[in-house]
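In what follows, a single structure is set out as structure tokens and then discussed.
The residues of the chain are indexed from 1 along the displayed sequence.
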Amino acid sequence: MSDFLDIASTDADALRDMLARASAMKAARGDRPKGTPDDEQPLAGRVVALIFEKPSTRTRISFDVGVRQMGGTTMVLSGADMQLGHGETIADTARVLSRYVDLIMIRTFGADIVQEMAQAASVPVINGLTDSSHPCQIMADVMTYEEHRGPIAGKRVAWMGDGNNVAQSFLQAAERFGFDFTFSGPEQLDPDPSLMGALRASGRDMRVERDPARAVADADLVVTDTWVSMGDAESSRQRRHNLLRPYQVNAALMANAPEDAIVMHCLPAHRGEEISDDVMDGPRSVIFDEAENRLHAQKAIMRWCLGV
Ligand code: CP
């Protein structure tokens with residue numbers, strides 16, 4: 001049994017195996033109705049706790065449906081409704097949950113919270129997003145890129161805007177999956193410099209390009225995300241919008257990108273802010289395939305965690 005806490009803390013071969021299994025499971029399901037079981041039922045008899053200390057649509061529903069398709073049951077829990085939100089420690093919560101459930105997925109604030117839960121739990125723990133990373137998202141993103149364009153190794157991802165948790169998981173994925181990375185955003189919102197340094201040290205080409213048109217010029221994949229993430233102070237909204245406006249992914253920007261470059265956004269999108277309607281709904285967008293692949297990628301992640 002293994003925790004899935006970050007891309008960088010997971011072996012590259014294991015990540016590859018998970019994506020291969022995700023694709024195989026997706027193909028095996030075909031078009032059957034979402035509520036029908038998979039042919040294989042590896043989670044039969046297993047209970048999965050899904051804990052949310054922040055809002056979610058995709059993560060909540062895709063994990064829940066994924067567990068059901070694999071024969072397991074879920075408990076979707078709000079941190080605020082648990083004693084966790086009223087002073088019970090993370091470690092004690094982890095010890096107790098380990099007596100009731102077989103797997104824990106938690107979406108929370110600091111990475112330290114997920115680490116502490118994983119240390120104290122005797123069942124696997126999955127990081128369902130923290131302020132600093134979103135590894136499940138990036139697994140779906142790599143899967144989606146490869147479905148549309150083939151191997152991501154040797155390609156270049158251009159990230160536009162805020163160097164947030166998703167951007168940081170992309171930086172980790174670039175090393176693990178062997179692609180190059182351009183960050184294009186204002187200096188004030190750069191990703192963690194240590195992650196950029198680690199990618200450079202691995203031998204990949206990690207570039208910071210403040211000019212968005214130049215940043216997408218050699219991109220195979222252009223990615224953006226909301227300008228105000230969960231955890232960012234509401235009072236910073238206007239300042240962030242002012243800083244990030246030049247990095248909107250729109251038709252004028254994409255005219256600078258290679259013809260076969262595709263666009264991703266992990267959602268929820270703020271149409272007209274970080275991305276325009278015409279790009280989001282246009283032929284280069286794979287955004288809704290990306291959202292679907294959360295389901296398939298996470299099913300493979302859960303199987304890997306449980307060794308089933
Ligand atoms: N992309 C993502 O994690 O979506 P949710 O916040 O809706 O779970």
Side-chain angles (χ1 to χ4, degrees), residues 6-8 111 129-135 137-138 141-142 145 152 155-175 179-202 204-258 261-276 279-280 284-287 290:
D6 263 318
I7 298 290
L129 178 146
T130 68
D131 293 342
S132 54
S133 69
H134 197 357
Q137 181 66 55
I138 267 44
D141 293 2
V142 173
Y145 181 84
I152 199 167
K155 303 292 185 181
R156 178 173 291 279
V157 173
W159 179 275
M160 310 305 299
D162 182 17
N164 66 7
N165 48 2
V166 182
Q168 297 194 156
S169 284
F170 252 116
L171 280 163
Q172 296 181 15
E175 188 273 323
F179 57 87
D180 298 325
F181 193 84
T182 303
F183 172 76
S184 189
E187 191 175 357
Q188 296 91 325
L189 299 175
D190 277 352
D192 181 341
S194 71
L195 293 177
M196 294 195 283
L199 181 55
R200 284 194 188 102
S202 78
R204 301 305 324 170
D205 186 32
M206 160 65 224
R207 198 186 303 159
V208 175
E209 173 54 68
R210 303 291 174 203
D211 177 345
R214 288 169 59 118
V216 300
D218 59 351
D220 299 288
L221 168 62
V222 177
V223 193
T224 190
D225 195 5
T226 180
W227 288 345
V228 183
S229 295
M230 294 177 282
D232 291 329
E234 195 55 33
S235 57
S236 70
R237 175 175 290 274
Q238 194 56 51
R239 183 182 72 89
R240 297 175 71 89
H241 276 226
N242 292 340
L243 286 168
L244 288 161
R245 200 160 287 121
Y247 298 95
Q248 184 190 66
V249 176
N250 54 34
L253 179 73
M254 290 306 296
N256 299 288
I262 53 176
V263 175
M264 288 191 198
H265 186 311
C266 69
L267 303 176
H270 299 79
R271 289 166 176 261
E273 294 181 7
E274 72 273 8
I275 190 165
S276 60
V279 171
M280 181 131 175
R284 305 173 103 174
S285 166
V286 295
I287 289 169
E290 181 188 3

Please report the closest heavy-atom contact between [X] and [Y], naming both atoms and the distance.
X    : Y    : answer
A174 : F181 : CB-CB, 4.4 Å
P212 : P246 : CG-O, 3.3 Å
P186 : L244 : CD-CD2, 3.6 Å
M206 : V208 : CE-CG2, 3.8 Å

With sequence neighbours left out, what residues match [X] under side-chain contact (heavy atoms from CB on, under 4.5 Å)?
X    : value
P268 : R58
D190 : F183, E187, M196, R210
A167 : W159, N164
A233 : S235, S236

Does any non-hydrogen side-chain atom of [Y] lie less than 4.5 Å from one of [X]?
X    : Y    : answer
D141 : Q137 : yes
Q172 : I138 : no
V286 : V263 : no
V223 : V157 : yes
I275 : Q248 : no
D225 : D162 : no

Using a 3.5 Å distance criterion without hydrogens, assess whether the side chain of [X] forms a donor-acceptor pair with backbone atoms of [Y].
X    : Y    : answer
D220 : R156 : yes
S184 : E209 : yes
S133 : P135 : no
R284 : A261 : yes
T226 : A269 : no

Contact list for residues 261-271, test salt bridge (charged side-chain N to carboxylate O under 4.0 Å, His left out), sequence neighbours left out
R271-D277, R271-D281
Could you give the distance from [atom1] ([X]) to [atom2] ([Y]), rounded to the nearest 0.5 Å?
X    : Y    : atom1 : atom2 : result
M264 : M280 : CE    : CE    : 13.5 Å
D205 : F179 : CG    : CZ    : 13.0 Å
L171 : L199 : CG    : CG    : 6.0 Å

Could you point out which residue of V222, T182, V249 forms a side chain to side chain contact (heavy atoms under 4.5 Å, CB included) with V216?
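Per the side chain to side chain contact (heavy atoms under 4.5 Å, CB included) rule, the option paired with V216 is V222, out of V222, T182, V249.
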Between K155 and D218, is the closest basic N to carboxylate O distance under 4.0 Å?
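A salt bridge is absent here (no side-chain N lies under 4.0 Å from a carboxylate O).
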May I ask you to say whether R240 pairs ionically with D232, meaning some side-chain N is under 4.0 Å from a carboxylate O?
yes
Going through the distances and angles, do I262 and S285 end up as a side chain to side chain contact (heavy atoms under 4.5 Å, CB included)?
CA-CA 6 Å; I262 53 176; S285 166; over 6 Å; no
Taking only residues two or more places apart in sequence or in another chain, which ones pass side-chain hydrogen bond (donor to acceptor under 3.5 Å, both in side chains) with [X]?
X    : value
E274 : H265
T130 : S132
E175 : none
N256 : none

Could you check D131 against M230 for side chain to side chain contact (heavy atoms under 4.5 Å, CB included), going step by step and ending with a plain yes or no?
CA-CA 8 Å; D131 293 342; M230 294 177 282; over 6 Å; no
Which pairs pass side-chain hydrogen bond (donor to acceptor under 3.5 Å, both in side chains) with one or both residues in residues 193-202, sequence neighbours excluded?
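Only D192-S194 qualify under side-chain hydrogen bond (donor to acceptor under 3.5 Å, both in side chains).
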Would you please name every residue forming a ring-ring contact (aromatic ring centres under 6.0 Å, His included) with H270, sequence neighbours left out?
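H270 satisfies ring-ring contact (aromatic ring centres under 6.0 Å, His included) with no other residue.
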Selection residues 204-230 - residue pairs positive for ring pair (Phe, Tyr, Trp, His ring centres under 6.0 Å), sequence neighbours left out
W227-H241
Run the side chain to side chain contact (heavy atoms under 4.5 Å, CB included) check on Q238 and N242 step by step: do they pass?
CA-CA 6 Å; Q238 194 56 51; N242 292 340; 3.2 Å; yes
